[in-house]
Amino acid sequence: MTSATTDQVPSGQVPTDQVPSGPGPGPGPSPVSAPAPTPGPDGPELLTVPPGAVASGWLTEQRQDIEARIGASGAVLLRGTGIRSAADLADVAAALGIEPMVERERFAPRAELGRGVHSSSEWPADEPMCMHHELSYAEQVPALLLFGCLVAPAEGGRTEVADSQRVLEALPSELVDRFSREGWLLTRSYHEVGVPWTEAFGTEDRAQVDAYCAAAGLDHEWLPDGRLRTRQRRAAVLRHPGTGRPVWFNQVAFLNERTLDPAIREYLVDVYGPSGLPFNTAYGEGGELSDDTVETINAAYRDASAGLPWQAGDVLLVDNLRMAHSRDPFRGEREIVVLLGNPVRLEGHVLP
């Protein structure tokens, strides 16, 4: 999903209870001397690691230092880890003391690869995926994301990041004030288009879905033909648990109906009705978002976006509470594996 005025959604796509001191890996041994970092322009900090950094224990020794770098810049790209498989990314996470998270309520299909690692979201190569915070609508969210590059694309395909602190500062005060008061509302309909509820909730048992929704603050109803509709209200602006600074943490623009291709939206409304779209967002009290509002948010993300080209063996660590991320279109083979880490429940996030 991308800007409401330029890019559209492609056709056919539509636990830890304590809040940690920050999104990084947590305490560890005192760091040893590390190579000098190379910062990207407002993007991830680039840190070249020595060969065999995982097997040698170097990453484990650097846990506190890497955590500090994530805290300072919001994202760190480790270059030279030499990862070649999903298992290698899991080893990186283990070396950094990162707890894998079980994903629920995903919005796009992806393959489970073991030990908490999965493929990146299935999305057409020629379509961009716009800025979003992973699972910002869930009751439990990943504080840290790990992206591992197994195959770098021949062209494009960068995973860009945008600092939501900058986004928040760039948005009009009246827009921020309303979202701060009301939060945001997400409505999802699970049917033939998009991810089926069995995949999103990891079960074919309706009773387990009922229990999950009750525990996670989701209103839900079962519709004819086995369809499911959910509604959840979440805070749009939160304080980062590590820094105390306010962050724009939501998917208001990303999951709004106005990011759908107009022809696809018209078809879906005709088949399922206005309330049957796979996803839609609103102000927390139900007010409809305008085209201008969605475009204003997406423009703020674009202005704050930065990234580095992938190289095979790279590992990108992202503070999911502070940094949104996106994916550029690409050519050639691209294989990125992902681990959602350090699950947290954020104070004031779930709204009645």
So, F179 versus Y283, ring centres under 6.0 angstrom or not? yes
Carboxylate-amine/guanidinium proximity below 4.0 Å for R110 and E122: no
Give a yes or no on whether the backbone of S189 and the side-chain of R229 come within a donor-acceptor separation of less than 3.5 Å. no
Donor-acceptor pair between H240 and Q165 side chains, under 3.5 angstrom: no
Looking only at side chains, do E105 and Y212 share a donor and an acceptor under 3.5 Å apart? yes
Take a 6.0 Å sphere around CZ of R206 and say whether it holds more than 12 heavy atoms from other residues, nucleotides or ligands. yes
Do other residues, nucleotides or ligands put more than 12 heavy atoms under 6.0 Å from R231 CZ? no
Can you confirm whether more than 12 heavy atoms, excluding those of E112, are under 6.0 Å from its CD atom? yes
Applying side chain to side chain contact (heavy atoms under 4.5 Å, CB included) to L146 and I98, what does each step give before you reach the verdict? CA-CA 9 Å; L146 282 75; I98 296 166; 3.6 Å; yes
Please confirm whether the backbone N or O of P352 pairs with a side-chain atom of R233, one donor and one acceptor, at under 3.5 Å? yes
Check the pair V247, V237 against side chain to side chain contact (heavy atoms under 4.5 Å, CB included), reporting the backbone distance first and the verdict last. CA-CA 6 Å; V247 292; V237 180; over 6 Å; no
salt_bridge(E221, R188) N-O dist < 4.0 Å: no
Taking T187 for its side chain and N280 for its backbone only, find out whether a donor-acceptor pair lies under 3.5 Å. no
Between R166 and E169, does any side-chain N to carboxylate O distance fall below 4.0 Å? no
I'd like to know if the side chain of D210 pairs up with that of H220 as donor and acceptor (distance under 3.5 Å, no hydrogens or angles considered). yes
Can a donor-acceptor pair be found, under 3.5 Å and without considering hydrogens, that links the side chain of S290 to the backbone of T293? yes
When you measure from the side chain of N342 to the backbone N and O of E99, does any donor-acceptor pair fall under 3.5 Å? yes
I'd like to know if R178 pairs up with E285 as an ion pair, taking the criterion as any Lys NZ or Arg NE/NH1/NH2 lying under 4.0 Å from an Asp or Glu carboxylate oxygen. no
Donor-acceptor pair, distance only, cut-off 3.5 Å: does the side chain of D319 make one with the backbone of R322? yes
For the side chain of W184 and the backbone of Y137, is there at least one donor-acceptor N/O pair under 3.5 Å apart? no
Passing option when W310 is tested against L150, V151, L316 for side-chain contact (heavy atoms from CB on, under 4.5 Å): L316
Might you confirm whether atom CZ of R115 has over 12 heavy atoms from other residues, nucleotides or ligands at distances under 6.0 Å? yes
Carboxylate-amine/guanidinium contact R227 E192, below 4.0 Å: no
Checking D314 side chain against Q311 main chain: does a donor-acceptor pair fall under 3.5 Å? yes
Spell out, as yes or no, whether a donor-acceptor pair under 3.5 Å connects the side chain of S326 to the backbone of M131. no
Any side-chain donor-acceptor pair under 3.5 Å between H132 and N250? no
Go through the side-chain N and O atoms of Q251 and S136 and say whether any donor and acceptor fall under 3.5 Å apart. yes
Should the pair H349 and F249 be assigned to parallel (<30°), tilted (30 to 60°) or perpendicular (>60°) ring geometry? tilted
Determine whether a donor-acceptor pair (N or O, by modelled atom type, separation under 3.5 Å) exists between the side chain of R258 and the backbone of L289. yes
Are the charged groups of D65 and R69 less than 4.0 angstrom apart, N to O? yes
